[in-house]
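In each ligand, atom 1 is the first atom listed, and ligand 1 is the first ligand listed.
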Amino acid sequence: MRRQIGVVGAGWTGAVAGRLLTDAGFAVEVLEKTSVVGGHSRAETMNGVVYEPNGAHIFHTENEAVNEFVNSHGLTRPYDHKVLTEVFLSPDDDEGRLLSWPPQVEELKELPVWPTVERELASLPPQPTGDNFEDFVVSMMGRTLYDLFIRDYTAKQWGRPATELSARFAPKRVELRRDGHRGLFRDRWQYFPPNGINEVIESVLSTVAVTLNTEVTVDDADRLGQDYDAVIITAALDDFARCPGELEWRGIEMRSRFEPTDDPGGVLTPAYVTNRPSTRVPYTRTVETKHATGQQIDGTVVSEEMPGAPRRHYPVLTADGANERRNAELAEKIADHFDIPVYFAGRLATYRYINQDEAIADAMAVAHRVAAELGG
Ligand SMILES: Cc1cc2nc3c(=O)[nH]c(=O)nc-3n(C[C@H](O)[C@H](O)[C@H](O)COP(=O)(O)OP(=O)(O)OC[C@H]3O[C@@H](n4cnc5c(N)ncnc54)[C@H](O)[C@@H]3O)c2cc1C
């Protein structure tokens with residue numbers, strides 16, 4: 001008799017775990033609460049134009065196994081992701097300047113503020129220090145660059161001062177570039193699929209049983225225990241445990257609109273992703289996915305990324321680590337409701353700020369564990 005595995009959620013983590021366990025001989029069912037697969041990475045179309053309702057998603061990885069896996073499902077189109085930031089150097093400026101993100105020292109030398117920036121850079125410690133996000137980043141690039149590029153963006157994005165945020169995610173997200181590398185990422189493999197990521201995730205799930213429109217919560221523990229020999233949960237744990245508010249999340253709303261263009265290759269904003277740190281606008285960035293897809297089609301979709309939506313997009317990693325502790329407690333409480341082994345994986349269930357490749361690596365690890373602990 002084949003062992004039965006239930007997987008909650010059909011984003012990258014659930015899809016990959018489900019596929020690997022199916023390939024390993026388990027009878028898998030992926031249960032997804034919405035009517036579509038793909039989770040946060042999913043793209044949609046508006047008048048035929050591909051856009052991303054959950055924010056820009058660029059696939060990048062250094063993980064060889066992950067790279068091979070996504071290649072085998074058709075994710076192979078190279079893409080070099082370059083981000084711009086609109087910076088207002090003085091309150092009197094009517095127009096912002098478009099500069100590279102991360103900031104590039106060679107570009108900064110052309111700015112009137114460079115003498116101040118140069119002085120600040122000369123007095124930085126050899127390695128960035130500080131427990132909170134602001135202290136850490138100021139010690140990495142100095143106060144002037146922090147104020148220009150980071151301060152207001154962070155306040156808008158997180159809705160709280162950067163001094164209350166953990167420094168833990170700063171090294172992964174913030175950098176001052178001295179080597180002229182213009183791409184946002186340095187990973188060996190970077191891709192953008194021409195039609196959005198959906199068809200890649202659909203390929204992963206092509207041999208897996210998926211049941212859509214099925215929300216699963218802790219109240220279903222007994223039924224899940226009867227149907228399966230183990231369950232993998234990729235859902236947010238406060239949602240799954242039916243105690244909203246137990247964990248803090250920061251969400252975004254993409255305000256997306258279709259605009260006509262003069263020609264099929266036409267775009268309306270300067271880059272796929274343009275950061276807008278200024279407090280003059282309420283959004284944090286504009287996203288125009290057509291830059292990345294290279295779609296030849298009449299019109300484009302421009303999205304303004306509005307922070308503060310009541311959705312579970314980003315875990316809030318505070319300096320005291322309180323939310324991560326609460327998530328671990330919730331995982332224990334949920335597991336206590338089940339008579340079968342319960343595994344937690346992915347961005348939401350493990351309350352981590354991880355990218356798609358890390359979600360896939362998580363799925364590979366959990367599939368490996370399940371196979372080792374339950375046998376095929
Ligand atoms: C704004 C934003 C931008 C990002 N940009 C990038 C980027 O540029 N590059 C990159 O690599 N990564 C990026 N990421 C991260 C990427 O989205 C995640 O790493 C990845 O989607 C995680 O996949 P997952 O399967 O763990 O979670 P999700 O994609 O969230 O999937 C979870 C799935 O579970 C379903 N579900 C939830 N609760 C239940 C329930 N109770 N019952 C049944 N189903 C349920 C959901 O509907 C969803 O389909 C970004 C994330 C965000 C929020």
Side-chain angles (χ1 to χ4, degrees), residues 6-19 29-43 52-63 66 70 75 79 81 83 157 169 172-173 184-185 187 189-193 196-198 200-201 204-205 210-221 224 231-242 244 249-254 272-273 283-285 287 289 292 303 305-307 309 311-315 334 344-366:
V7 179
V8 181
W12 266 118
T13 308
V16 175
R19 174 60 182 247
E29 184 178 21
V30 176
L31 306 161
E32 165 58 45
K33 77 172 170 185
T34 69
S35 58
V36 287
V37 302
H40 281 132
S41 303
R42 197 178 161 80
E52 295 162 287
N54 288 303
H57 276 76
I58 304 92
F59 194 96
H60 55 103
T61 192
E62 271 294 304
N63 184 320
V66 167
V70 297
L75 185 55
Y79 177 68
H81 184 48
V83 176
Q157 163 73 10
F169 65 95
K172 208 167 138 189
R173 303 280 156 183
L184 178 61
F185 308 115
D187 291 335
W189 298 291
Q190 304 185 34
Y191 306 114
F192 201 93
I197 207 81
N198 310 358
V200 183
I201 298 181
V204 173
L205 284 168
V210 180
T211 305
L212 298 174
N213 302 309
T214 304
E215 181 165 12
V216 184
T217 72
V218 75
D219 298 343
D220 301 305
L224 295 172
V231 171
I232 299 172
I233 297 172
T234 74
L237 299 192
D238 55 339
D239 194 24
F240 189 87
R242 290 198 175 285
W249 297 93
R250 196 74 181 152
I252 57 162
E253 185 198 340
M254 299 299 281
Y272 170 24
V273 176
Y283 46 90
T284 48
R285 41 190 177 179
V287 174
T289 306
S303 305
E305 185 172 319
M306 297 290 298
R311 302 182 62 195
R312 292 177 173 85
H313 280 131
Y314 294 98
I334 290 168
F344 300 94
R347 176 166 166 128
L348 297 173
T350 63
Y351 200 74
R352 283 175 305 149
Y353 192 162
I354 57 173
N355 287 319
Q356 297 168 99
D357 63 326
E358 297 166 295
I360 294 170
D362 234 28
M364 289 174 162
V366 80

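With ligand atoms numbered from 1 in the order given, ligand 1 contributes 1 (C), 2 (C) to contacts under 4.0 Å with heavy atoms of N54. Taking every non-hydrogen atom of E215 and a distance limit under 4.0 Å, the qualifying atoms of ligand 1 come out as 41 (N), 42 (N). Distances below 4.0 Å separate heavy atoms of T34 from the following atoms of ligand 1: 47 (O). Against a heavy-atom cut-off of under 4.0 Å, I354 is close to the following atoms of ligand 1: 15 (C), 18 (C), 19 (O). Heavy-atom proximity to G346, at under 4.0 Å, picks out these atoms of ligand 1: 26 (O). Taking every non-hydrogen atom of I252 and a distance limit under 4.0 Å, the qualifying atoms of ligand 1 come out as 1 (C). Annotation for ligand 1: atoms under 4.0 Å from non-hydrogen atoms of G39 are 29 (O), 31 (O), 48 (C), 49 (O). Each of the following atoms of ligand 1 lies closer than 4.0 Å to a heavy atom of Q356: 9 (N), 10 (C), 11 (O), 12 (N), 16 (C), 19 (O).
The shortest heavy-atom distance from L31 to ligand 1 is under 4.0 Å. For T214, the heavy-atom gap to ligand 1 drops under 4.0 angstrom.
Residue contacts with ligand 1, taken as heavy atom pairs separated by less than 4.0 Å, involve Y314 solely via side-chain atoms from C-beta onward. Within the 4.0 Å heavy-atom criterion, the part of A56 lying near ligand 1 is the backbone and not the side chain. If you look at V37 next to ligand 1, there are no close heavy atoms at all, none under 4.0 Å.
Among protein heavy atoms, the minimum distance from atom 31 (O) of ligand 1 is reached at G11 CA, 3.5 Å. Ranking the protein heavy atoms by distance from atom 43 (C) of ligand 1 puts K33 N, 3.3 Å first.
Below 3.5 Å of separation, one finds an N or O of E32 facing an N or O of ligand 1. The N/O atoms of F185, backbone and side chain alike, include none that comes under 3.5 Å of an N/O atom in ligand 1. Considering backbone and side-chain N/O of W12, one or more are found under 3.5 Å from N/O of ligand 1.
A distance of 4.5 Å separates NZ in K33 from CG in D239, rounded to the nearest 0.5 Å.
In this structure, a donor-acceptor pair under 3.5 Å is absent between the side chains of E32 and T214. D362 and W12 share no side-chain donor-acceptor pair at under 3.5 Å. With no hydrogens or angles considered, a side-chain donor-acceptor pair links N54 and R311 at under 3.5 Å.
Using bins of under 30°, 30° to 60° and over 60° for the plane-to-plane angle, the ring pair Y272/H81 lands in the perpendicular bin. Between H313 and H40, the two ring planes are tilted [angle within 30° to 60°].
The closest heavy-atom contact to atom 30 (O) of ligand 1, among the options R352, H313, H40, M254, comes from H40.
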